[in-house]
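See below for the structure under consideration.
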Amino acid sequence: SAELTPEVVDFLSAGTRTGILAFTATDGRPLAAPVWFVVEDGEVVFNTGATTAKGRALARDARVALVVDVAQPPYAFVQVQGVAETSEDAGELVRTATALGARYMGADRAEEYGRRNGVPGELVVRLRPTKVVASGGAFGEEDVDVGGPALGEPRDHSGEIVGRHGQVVGPARGKAQQDAVTGAAGG
């Protein structure tokens, strides 16, 4: 089991960033879908319908991954791998749906979203982290792995993305990112 560090919680909780939930289809295909989420007690919490692709997949296999990223410089992401636990408790559904509504739609619409989405047929999903990977931005350029060996490709000082065995696997994404990687001043 891995813990969400304060830096990871801050990153996940900033603004209205959505998460991309990765899960497995019945036939083994990987699937991904966006989710609204909040962080509570060291877990990532979201709601989904019991009969949706996500809900059905979680009933079959509770192993999932959630990725949250910032797609502008200085580029960063957090990946939370873990096991999802579901609940249909009516009070918990309304409470989490209201918290999600507050985060993504604003406090003035939180209760509206709580009533609309905290209904029978919905699930509260709690993602308990088993591995957490954070990279870029405040985390630095190398992956910071909270729960095991590092994943991903570290960047060298030339701005090229270099694999674990020294092979170049791609260029930096542009001058601004290259300057950020190399520490070069703009101008």
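What's counted below: heavy atoms across the whole structure, side chains too, no hydrogens, waters or symmetry copies. Throughout, residue positions are numbered sequentially from 1 according to the sequence presented.
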(request) Measure the shortest side-chain to side-chain distance between L12 and V78 over non-hydrogen atoms and say whether it is less than 4.5 angstrom. (result) yes
(request) Measure from the side-chain N and O atoms of S135 to the backbone N and O of F77, and report whether any donor-acceptor pair falls under 3.5 Å. (result) no
(message) Between D89 and V124, does the side-chain contact (heavy atoms from CB on, under 4.5 Å) criterion hold? Intermediate values first, please.
(response) CA-CA 8 Å; D89 178 83; V124 175; over 6 Å; no
For [X] and [Y], work out which heavy atoms get closest and say how close.
{"X": "F23", "Y": "K54", "answer": "CE2-CG, 3.4 Å"}
{"X": "G136", "Y": "A76", "answer": "C-CB, 3.7 Å"}
{"X": "L123", "Y": "L93", "answer": "C-CD2, 3.7 Å"}
{"X": "R115", "Y": "V119", "answer": "O-CG1, 3.3 Å"}
{"X": "V125", "Y": "A84", "answer": "CG1-CB, 3.7 Å"}
{"X": "L4", "Y": "V8", "answer": "CD2-CG1, 4.0 Å"}

(request) Determine whether W36 and V9 fall in the same hydrophobic cluster, where Ile, Leu, Val, Met, Phe, Trp and Tyr are linked whenever their side-chain heavy atoms lie under 4.5 Å apart. (result) yes
(request) Could you state whether L31 and V44 fall into the same hydrophobic cluster, counting links through intermediate Ile, Leu, Val, Met, Phe, Trp or Tyr residues with side-chain heavy atoms under 4.5 angstrom apart? (result) yes
(message) Against the six-membered ring of F37, is R17 placed for a cation-pi contact (under 6.0 Å from the centre, within 45° of the normal)?
(response) no
Measuring from atom [atom1] of [X] to atom [atom2] of [Y], what distance do you get when rounded to the nearest 0.5 angstrom?
{"X": "D10", "Y": "T5", "atom1": "CG", "atom2": "OG1", "value": "8.0 Å"}
{"X": "T86", "Y": "L127", "atom1": "OG1", "atom2": "CG", "value": "12.5 Å"}
{"X": "L100", "Y": "F46", "atom1": "CG", "atom2": "CZ", "value": "10.0 Å"}
{"X": "L66", "Y": "I20", "atom1": "CG", "atom2": "CD1", "value": "8.0 Å"}
{"X": "E43", "Y": "E85", "atom1": "CD", "atom2": "CD", "value": "6.5 Å"}
{"X": "Y113", "Y": "T98", "atom1": "OH", "atom2": "OG1", "value": "12.5 Å"}

(message) Working note: F11 + V68, criterion side-chain contact (heavy atoms from CB on, under 4.5 Å); need CA distance, chi angles, decisive distance, verdict.
(response) CA-CA 9 Å; F11 179 88; V68 177; 4.0 Å; yes
(request) Taking only Lys NZ, Arg NE, NH1 and NH2, and the carboxylate oxygens of Asp or Glu, determine whether E111 and R116 approach each other closer than 4.0 Å. (result) no
(request) Under the side chain to side chain donor-acceptor pair (under 3.5 Å) rule, what do N47 and T96 come out as? Steps first, then yes or no, please. (result) CA-CA 7 Å; N47 291 1; T96 58; 2.9 Å; yes
(message) Out of the candidates R126, R103, R128, only one should pair with E40 under the salt bridge (Lys or Arg N to Asp or Glu O under 4.0 Å) rule; please name it.
(response) R126
(request) Give a yes-or-no answer on whether the side chains of R60 and T26 include a donor-acceptor pair shorter than 3.5 Å. (result) yes
